[in-house]
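What follows is a single structure, written as structure tokens, with notes after it.
Computation of the quantities below employed the complete heavy-atom set of this structure, encompassing side-chain atoms and omitting hydrogens, waters and symmetry-equivalent molecules. Below, chain A is the first sequence line, B the second, and so on; all start at residue 1.
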Amino acid sequence: MSFYDFERIERKWQEKWKTKNNFHGEDFSEKQKYYMLVMFPYPSGKLHMGHVRNYSIGDVIARFKRMQGYNVLHPIGFDAFGLPAENAAIKHGIPPKEWTINNMAEMEEQLKRLGFSYDWDREVKTCMPEYYKWTQWMFLQMYKNGLAYKKKSFVNWCPSCETVLANEQVVNGECERCGTKVGKKNLEQWYFKITDYAERLLNDIEKLKGWPEKVKIMQENWIGKSTGAVIDFAIEGREEKIKVFTTRPDTVFGVTYIVLAPEHPLVTQISKGTEYEQQVNDFVYKMQFVNEVDRTSADLEKEGVFTGAYAINPANGERVPILTANYVLLDYGTGAVMAVPAHDERDFEFAKKYNLPIRVVINPEGSELDPESMISAYTDDGIMCNSGQFNGMNNRKAYNKIIDYLKEKGVGDYKVNYRLRDWLISRQRYWGAPIPIVYCEKCGEVPVPEEQLPVMLPEDVVFTGKGESPLTTSETFMNTTCPKCGAKATREKDTMDTFVCSSWYFLRYTDANNDEKPFDFEKAKYWMDVDQYVGGVEHAILHLLYSRFFTKALYDFNISPVDEPFRNLLTQGMVLKDGAKMSKSKGNIVSPEEIISQYGADTARLFIMFAAPPERDLEWSDQGVEGCFRFLNRVWRLVDELAPKCRDAKQIDINTLTKDDKEMRRILHSVVKKVTEDINDRFNFNTAISATMELVNALYQYKEKDNAKIEIIAEALEKLILILAPFVPHITEELWEMMGKTGSVHEQMWPNYDIEALKQDEIEIVVQVNGKLRGKVLVPAEANQDEVLSIVKNDEKIKQILEEKQIIKEIVVPGKLVNLVVK
RNA sequence: GCGGGCGUGGCGGAAUUGGCAGACGCGCUAGACUUAGGAUCUAGUGCCCAGUGCGUGGGGGUUCAAGUCCCUCCGCCCGCACCA
């Protein structure tokens, strides 16, 4: 008798896997490819349970597909640039590179101890020059194709850290690092023109059949397409016009005022010299200090002031006042709104507050609205009025006619607007890929030629956490010569957003060690697209949308062979403890290392796959882990006891099987069937594991029977080990060896099930009377409906129930149920 | 406010196409083995007033049959939120 020494076993097999590298994805193999991708981690120092869950799911799928005969690509790497490394430098004086490299080494160690079957030869680390050289190359392709540009704009600014922040680093209007309220600053920054792809990114969501509905809807909302018109309003006494975007051009005759965003450049111009100049300036000044969260919140009290200027409504020539108000945003549409209080809730609320006129231009069919008594805007359809030649028309019909009319007059046009903004990729940070641009005294902005890449990150920088990008402290970096003319030049001081690095890493995996190109087109063509992507839902917008954009852009440049990167997406749920997300502040963290040392990686993996289906949140349970450990011990003892006898088991002779033998085989083969389907069709790993537990329970029963046959046991143990292999890769290798088998269990074919073995001689039929369960009968498997009914009616118990009752209806569900409706 | 998801024993969860509600695991109860057990094995375990009873958040409906379909209400979670 031996005991389940998980520590020895896991070490032993991890050693063997390391030397053999049997998890290699083979380029251009004849076998069908399967690209199994998990979201690569940020090297924060240690893996957390969320990682373990993510990667366990990925590994089970990868191992399962391998056993099914696929040529599997299952890579891993690190999203290694980012702010925490710089914080460590500021706080502890450790260079970001050193900090990151140490963390990556530690996390690699952890990944290996969990037994994940990665193709380590393809490991990618985005902070290494071998990688970021190509990130810079990507930037140049974007630049060459007009998709990278510089513009001055209002960006998030943390006054305490003195740096620009990405939207994702602004949490509830506060800087995630220091908690300071984030303001706005007008800065010149680099952008990628993702808005050029808005329509395709939206339309192609349709292609993403294997994505969760939720993620698709989130992307749709993020892109935020709306159709309508732009209409030009002339300003009285000025040359400039105010362009407004509206989704309701049909209400243009109802405009009673115009509103500009406080940041709109025209605001100060048109109020200049009027008696309202001071109040406008005060208002604009005040608005600068309202953070974006409050500013865009629907509960914000609407405020505004008159600018002193008037606009002319091009539809009816009417003179309407121009106001500026906090409810209009500069960066949506044109930053100006035509206000129709009668038919827009926000305009209505504002007009009521400031006593602005309300004019009805659409009446509900069969009634007339009275502006005086209205308590809310009328936003539904109806019949046009007060609208000149459009009166009497249905507003839907008038919609296009009005745009056509304005277009003819040269004061309007059809317009599609998106909420999606261009992607700000500049970061005033050190630990990122430098933007490969040089500023020459003579030539101006010059891209670094491809053959001069990478633009290396310098190491002689000073980290203060204050001021500009730390890169400016490196003179060797900043001072350079112009690649065009050789004159004195300085380098771009900003680095790229780390989301740029992660927007193409899945392509790099297909050819990770290429030092001539980011990746070979043919290799990418062989492997792409990703068959299954697994990761947290927190990336639903940013990473997944950026990656889709990158893939489409690269496709257009003939660099990527596909225009959508991820065929199927699985968003795994969070790992919770005591009903809450694990966090330091709550003190409810369970560390993977603790679990591995106490129970082993196999138990950790098994529990995490068993406790909940993958998309759902998972409640951590120490007792649940204990239960999985017990199960593995149960399997161990079973094989330990029986494997020696199985070695000389003979072939199963179908003709000599007893009822018990047949039942054992029926359970075995139905479990193999269920596990196969649960993994393959539904990713229901939890039910796959519970079926395997049932098989083990059945084997414990069967082996105690006097007439138990060792060949039946041998067949069952062999298949049991095989179906467990993707979940618990170490113990199954050991058990496979104990069974006297040669070769790795992970190189075996996934077991088949025998349809013959699933067949039963007798089937249990549920008997209902008036829909209520009243008994069960055994019927021969081949019995027809009449035979089943007669067996049912002759059953003693049923007979009693049916006494003095009249059967009105008989329902027979073959192989399952009989329902007798009686009176 | 809008959009999405969820609600099943003491707990995590199962029920795939409308067909035995509660698989499997945890916990609990009893027994066996034992110097001992927090190891292992065996049996039991939705609820109750214990029967032709009740039961999948509440109420209503469709159906021979509803956790599953329809209507309605309630609660929780997530995303978006003055987007003109």
Sort me out a list of protein N/O and nucleotides 5-8 of chain B N/O pairs below 3.5 Å, or just none if empty.
none

In B/S/- notation (B base, S sugar-phosphate only, - none; protein heavy atoms under 4.0 Å), nucleotides 23-45 of chain B written 5' to 3' is BBSSS------------SSS---
NA contact type, [X], heavy-atom cut-off 4.0 Å: base, sugar-phosphate, or nothing?
{"X": "Asp617(A)", "result": "sugar-phosphate"}
{"X": "Val328(A)", "result": "base"}
{"X": "Thr334(A)", "result": "nothing"}

Nearest whole Å is fine: how far is [N] [atom2] from [X] [atom1]?
{"X": "Met574(A)", "N": "G79(B)", "atom1": "CE", "atom2": "C1'", "result": "12 Å"}
{"X": "Leu773(A)", "N": "A15(B)", "atom1": "CG", "atom2": "C1'", "result": "16 Å"}
{"X": "Ile217(A)", "N": "C2(B)", "atom1": "CD1", "atom2": "P", "result": "15 Å"}

Dot-bracket notation for RNA chain B, counting Watson-Crick and G-U pairs under 3.5 Å, with | for partners on another strand: (((((((..(((......[....)))((((((.......))))))(((..).))..(((((..]....))))))))))))....
In terms of side-chain heavy atoms of [X], which of [options] is nearest?
{"X": "Arg419(A)", "options": "C80(B), G13(B), C20(B)", "value": "C80(B)"}
{"X": "Thr247(A)", "options": "G4(B), A84(B), A65(B)", "value": "A84(B)"}
{"X": "Val766(A)", "options": "G12(B), A84(B), C20(B)", "value": "C20(B)"}
{"X": "Asn819(A)", "options": "A84(B), G19(B), G4(B)", "value": "G19(B)"}

Rounded to the nearest 0.5 Å, what separates atom CD in Glu349(A) from atom CG in Asp344(A)? 10.5 Å
Spacing of Asn326(A) atom CG and Phe350(A) atom CZ [to the nearest 0.5 Å]: 7.5 Å
Could you work out the separation of A21(B) and U68(B) based on their P atoms and round it to a whole Å?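 Nearest-Å result for A21(B) against U68(B) at atom P: 14 Å.
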Please state the C1' separation for the pair G67(B) and G46(B) - nearest whole angstrom. 14 Å
Which residue, Glu619(A) or Asp331(A), contacts RNA chain B at a nucleotide closer to its 5' end, judged by nearest heavy atom? Glu619(A)
Whichever of Leu330(A) and Lys674(A) has its nearest RNA chain B nucleotide further upstream toward 5':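 Looking at RNA chain B, the more 5' nearest nucleotide goes with Lys674(A).
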Taking all non-hydrogen atoms of both residues into account, name the closest pair between Asp795(A) and Val777(A) and its distance.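 Closest pair (atom of Asp795(A), atom of Val777(A), distance): OD1-CG1, 3.5 Å.
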Quick one: does Lys776(A) reach the base of C20(B) with a side-chain donor-acceptor pair under 3.5 Å? yes
Could you work out, with salt bridge (Lys or Arg N to Asp or Glu O under 4.0 Å) as the rule, every residue matching Glu213(A), not counting sequence neighbours? Lys216(A)
Partner residues of Glu641(A) under the salt bridge (Lys or Arg N to Asp or Glu O under 4.0 Å) criterion, sequence neighbours left out: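 Salt bridge (Lys or Arg N to Asp or Glu O under 4.0 Å) check on Glu641(A) returns Lys703(A).
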At a heavy-atom distance below 4.0 Å, what parts of residues 807-818 of chain A sit against RNA chain B?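 By residue number: Lys809(A), Ile811(A), Val813(A), Lys816(A), Leu817(A).
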Residue-phosphate contact under 4.0 Å: Arg682(A) side-chain N/O, A15(B) OP1/OP2: yes
